[in-house]
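Below, chains carry the letters A, B, ... as their sequence lines are ordered, and counting in each starts from 1.
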Amino acid sequence: MQSSYEIEQPRAAYKDYKILRWLTTVDHKEIGIMYLCMATLFFVVAGLFALLMRTQLAVANNHFLGPNIYNQVFTMHGVTMIFFVMVPALLGFQVYFIPMMIGANDTAYPRMNAFSFWITFFGGLLLYFSFAAGGAPNAGWFNYAPLNEYNYSDSPGIDYYCVGLLLAGTGTISTGVNLIVTILKYRAPGMSLKQVPLFVWMGLVNSFLIVAALPSLNAALSMLLLDRQLHAHFFNTASGGDALLWQHLFWLFGHPEVYILILPAFGIYSEVFQVFSGKRIYGYAFVAGSTVAIALLSFGVWVHHMFATGLGNTVNAFFGASSMLIGVPTGIKIFNWLGTMYGGSIRLTVSMLFAIAFLIEFTIGGLSGIAFSIIPIDWQVTDSYYVVAHLHYVFIGGSLFSVFSGLFYWFPKMSGRMLDEKLGKIFFWLMVLGFNMTFFVQHFLGLMGMPRRVYTYPDLPRFTLLNLVSSCGALLMGVAILVLFYNVYKTLKHGKPASNDPWDGFTLEWYSWALPGMKNFEEVPEVKSRRPFFDEKYPEKADWKNND
Amino acid sequence: MLVPWTQYLNSNHFYLLDYVFDSSSTQAEDINRLHVYFLFAAAFILFVVIGCTVLVLLKFRHRQGVDYQPKSLSQKWEILTIGVPMLLVIVFFVLTLKTMHRVLPEVNGRKPDVVITGHQFWWEANYPAQKVITANEIHLPAGRTILLKLLSADVIHDWWVPDFGNKMDLVSGKENYLWLNIKKPGVYHGACSEFCGAQHAGMQLTVIAEGEDDYEKWLTSHASLPAVITDTIAQIGEKLFTEKTCGNCHNISGTSNRGRDGPDLTHLASRKTLLTGLIENNKDNLGKWILKPQEIKPGAKMPDFKMDKQSADEIVAYLSSLK
């Protein structure tokens, strides 16, 4: 048995790092870190785009950016944040920690792992090359037909959109396959599927979602590329194509996609809530089961993005019902996490603060989401700033907060150093304040009649006031991010060295060294419960002994 | 840019949620009633979640040196957390079905009162029974239920007047319908709500709801040809309009200008605004628009004809006489 979880790991393997080493690595931890660096890089760019947009929209009838620039900026903001920030950031954590949590030394296919990263990264670079090639895509991240066709958008941006996303999609699918095989075949002896940590369980469901959903996007992108380059007629209404076919194909991917961005987040929160409450999850089976329910339902709800396209009441009623149902398993989860904190001993670390903030922000985002499943309300609020508010509440309050939560939780294991909690708390409060300031008022703007994706707006009563509040909030979020970057920089330079197990964790990644080397484990303890490392540390209180 | 309509708008919404509580059409009334129920349910759920979170945080904070025994919540709470949301889902689904069918009943072969066609980046309104075609300032009768047929000439647009409630997309290659019963006359502001290209933001929408008499009067005046031009400068302008090929895109009834790709200009001078409400309709603005269209509405389909000031003035004189 490995008795060395307190022993300082020899860091020799990390001593003489050279660029070449990063370029050629197949180690899942290094690839995970590269995913996070890639996400950070694109986050900075897309975040600056967001600030440009909020500057443009700060006052009515502004001429800071023209429509041509603004439409490229908002499109690139959306595409980048979704495909090259949130997906890689969450995949980064999964690629890094799923093998460690199941007691494996790497993913099943390390070379494919590296391939996935690089092809995703190159996809992102190709997308950005469009700026040099004559103009970035400018038809929004969901790029509706027939506006995406050559006769309406003749700049090459949309061709780069197609090819860039095809490459990134290929990378994401192969990571999905890799993680499925890793989780199914590489678990430590004794660890049944009912005992894997929830982060791993969510990763498994999420990987199946990726593998099932992305092909629909890839098909749509290929068809669009054929339309644009070879004059096929899939979506070109002028020559008999179908504009709504694009929407069906896109949202058949797109709705599972938003769950691809939230399920790993649920996984991170589940771990964080447990560890910082000092308690096992309340209702493991419910959390895991409701995730499967969400994943299955997610393939039957896509039309709720299309309630206003005139598909008819019968179709709308079906998809309205399925969309409302998704609220149920999601609601269960909120109460499972509350139940986990109940009766625990809650430590308010930065990681935990983000998890708690998530509970409330995500409830707001979830409730405004339910509004879209109530079809008549959807008719009123869809395509307005209400949608912008809703999607940022779930993407930021849900997914991005999980990345911050995971970053503060796992940073010790990734760098061997502890992030500064005091700076972290400043960052947290600035972020939460800025975020709510930016997006809460947008609910009202939507209800008042401001459509989304407008580069400017008329000076209607109170439009400028609310937009100005929103823009100030965005600035505050920008400051918060600077505080985070300073924190990371300071920590990497001279942060407090971390022990192997700084948070009194439950899962196997904390059993490894403070900074794991090429090999994660010499050996792993026998897994008899859902908290193998807890059992190892507290044999008298071990989960498998008392089954309460 | 300037929206001269702001001063005429009859909605005097002051509080932020007035848009939900105050409706100008019976469709919006139905939708907003449901919306208010939803807001109450949502506020209740949010209140419960925030309340539970705060209570749990107050009660179960980690205390240094205090040995704690983890407590578990009883499993019956899980039944409750499924039961209550499930109940709410059923209630709201039933309400959804009822409201949906009231707001958007079947068309059943009824002829549309007005056919609206979305163009990049303006609106065409066609009154088939009266053979009237106009653009951007859409006159509709108040006090009775009318049926709008929605079409698109190019990409997808979306009809939305917030005071009237529901949106409906204008999809190329598809016919969509929308029922509307405007409660009282007035000027209502809306906008295209589906991203449709460079000037999506510049595709505002104005509905002028009128009582039956005014509406009939408007229709009659627009069904007839504009008065004969007597002014000499305007007569030069009329000739120039054809010579400069304006008529390839714009229609002026009673002349050889039959274009349908741009807004119908037959009664242009009777409109209060230009460019879907972005600027006021006066000679000055019209002249600027003809001379520098891409500066006023960048991305609009109106090309810059590199016209000299004098020609522009003559065309403006002509267009301003089209009452």
Side-chain angles (χ1 to χ4, degrees), chain A residues 61 66-68 71 140 144 146-147 152 237 243-244 278-279 282-283 286 308-310 313 317 320-321 324-325 327-328 331-332 334-335 338-339 341-347 356 359-360 363-364 367 371 374-377 379-380 382-384 444 447-449 451 453-456 458 460 548, chain B residues 1 3 6 16 19-20 31 34-35 38 42 45-46 49-50 52-53 56-57 60-62 68 70-73 77-78 81-82 85-86 89 92-93 96-97 99-101 103-104 155-156 158 162 165-169 171-174 176 191 193-201 204 298-299:
Chain A
N61 298 328
N68 183 24
N71 293 342
Y144 274 176
L147 184 62
Y152 298 113
T237 44
L244 292 187
K279 235 181 115 232
Y282 169 67
F286 268 82
T309 56
N313 286 342
M324 267 184 219
L325 275 180
V328 179
I332 292 172
I334 299 280
F335 281 93
L338 277 171
M341 287 197 287
Y342 179 90
S345 169
I346 299 168
R347 284 177 291 163
I356 292 165
L359 276 185
I360 289 159
T363 303
I364 297 175
L367 287 169
I374 301 173
I375 297 151
I377 304 181
W379 285 336
Q380 174 72 288
T382 188
D383 283 321
S384 74
F444 296 108
L447 291 172
M448 286 157 64
R453 304 179 157 181
V454 289
Y455 77 96
T456 187
L460 293 165
D548 63 339
Chain B
M1 279 198 286
V3 171
T6 315
L16 295 179
Y19 288 84
V20 176
I31 293 173
L34 182 56
H35 204 156
F38 170 73
I45 293 171
L46 185 60
V49 171
I50 293 180
C52 290
T53 310
V56 164
L57 283 181
F60 299 104
R61 276 288 290 277
H62 174 73
Y68 95 104
K71 270 190 292 184
S72 274
L73 208 55
W77 285 95
E78 291 198 324
T81 58
I82 300 178
M86 215 45 206
V89 162
F92 274 98
F93 186 59
T96 297
L97 288 182
T99 313
M100 184 171 73
H101 286 284
V103 173
L104 205 67
V155 301
I156 300 180
D158 185 277
N166 49 330
K167 288 187 189 65
M168 183 55 83
D169 283 358
V171 183
S172 32
K174 193 171 183 314
N176 280 338
S193 296
E194 185 65 78
F195 183 69
C196 59
Q199 271 297 343
H200 169 54
Q204 306 285 316

*Go through the atoms of A/Y282 and report whether side chain, backbone, both or neither lie under 4.5 Å from a heavy atom of chain B.*
both
*Considering only heavy atoms, which portion of A/I375 lies under 4.5 Å from any heavy atom of chain B: side chain, backbone, both, or neither?*
both
Separation of [Y] [atom2] from [X] [atom1] (nearest 0.5 Å):
X: A/I374; Y: B/I31; atom1: CD1; atom2: CD1; result: 12.0 Å
X: A/I360; Y: B/T53; atom1: CD1; atom2: OG1; result: 4.5 Å
X: B/H200; Y: A/R453; atom1: NE2; atom2: CZ; result: 8.0 Å
X: B/I50; Y: A/L359; atom1: CD1; atom2: CG; result: 10.5 Å
X: A/Y144; Y: B/D169; atom1: OH; atom2: CG; result: 7.5 Å

For the interface with chain B, which of [options] has the highest count of heavy-atom pairs at distances below 4.5 Å?
options: A/A308, A/G327, A/A321; answer: A/A308
options: A/G320, A/G331, A/A371, A/G339; answer: A/A371
options: A/I346, A/V328, A/I334; answer: A/I346

*asked:* Treating A/N68 as the side-chain partner and B/G299 as the backbone partner, does any N or O pair qualify as donor plus acceptor under 3.5 Å?
replied: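 No.
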*asked:* If we ignore hydrogens and angles and just use 3.5 Å, is the side chain of B/K167 paired with the main-chain N or O of A/S384 as donor and acceptor?
replied: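 The answer is no, because no donor-acceptor pair under 3.5 Å joins these two groups.
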Can you name the nearest heavy-atom pair linking [X] to [Y], along with the distance?
X: A/T309; Y: B/M168; result: C-SD, 4.4 Å
X: B/L57; Y: A/M341; result: CD2-SD, 4.4 Å
X: B/S193; Y: A/D383; result: O-CB, 2.9 Å
X: B/P162; Y: A/M448; result: CG-O, 4.3 Å

*asked:* Suppose we screen for ring-ring contact (aromatic ring centres under 6.0 Å, His included). Which residues come up paired with A/Y152, at least two apart in sequence or across chains?
replied: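 In terms of ring-ring contact (aromatic ring centres under 6.0 Å, His included), with neighbours along the sequence ignored, A/Y152 is linked to no residue.
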*Of B/N166, B/L97, B/L104, B/T96, the residue whose pairing with A/P376 passes side-chain contact (heavy atoms from CB on, under 4.5 Å)*: B/T96
*Find out whether B/I156 and A/L147 are in side-chain contact, i.e. whether some heavy atom of one side chain is under 4.5 Å from a heavy atom of the other.*
no
_Min side-chain heavy-atom separation B/M86-A/L325 under 4.5 Å_ =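 Answer yes - side chains close enough.
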*asked:* Checking A/I332 against B/I82 for the side chain to side chain contact (heavy atoms under 4.5 Å, CB included) test, could you report, in this order, the C-alpha distance in whole Å, the side-chain angles of both residues, the deciding distance, and whether it holds?
replied: CA-CA 6 Å; A/I332 292 172; B/I82 300 178; 3.4 Å; yes
*Between B/F195 and A/N71, is a side chain to side chain contact (heavy atoms under 4.5 Å, CB included) present by the stated rule, with each step listed?*
CA-CA 10 Å; B/F195 183 69; A/N71 293 342; 3.6 Å; yes
*Return the option, out of B/P85, B/G173, B/C52, B/A198, with the maximum number of heavy-atom pairs under 4.5 Å with chain A.*
B/A198
*Of all residues at least two apart in sequence or in a different chain, which pass the side-chain hydrogen bond (donor to acceptor under 3.5 Å, both in side chains) check with B/S172?*
A/T237
*Tell me, for B/V89 versus chain A, whether the close heavy atoms (under 4.5 Å) come from the side chain, the backbone, both or neither.*
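When you check distances to chain A, atoms from both the backbone and side chain of B/V89 fall under 4.5 Å.
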*Identify which part of B/F38 has an atom lying under 4.5 Å from any heavy atom of chain A, answering side chain, backbone, both or neither.*
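B/F38 touches chain A through side-chain heavy atoms alone.
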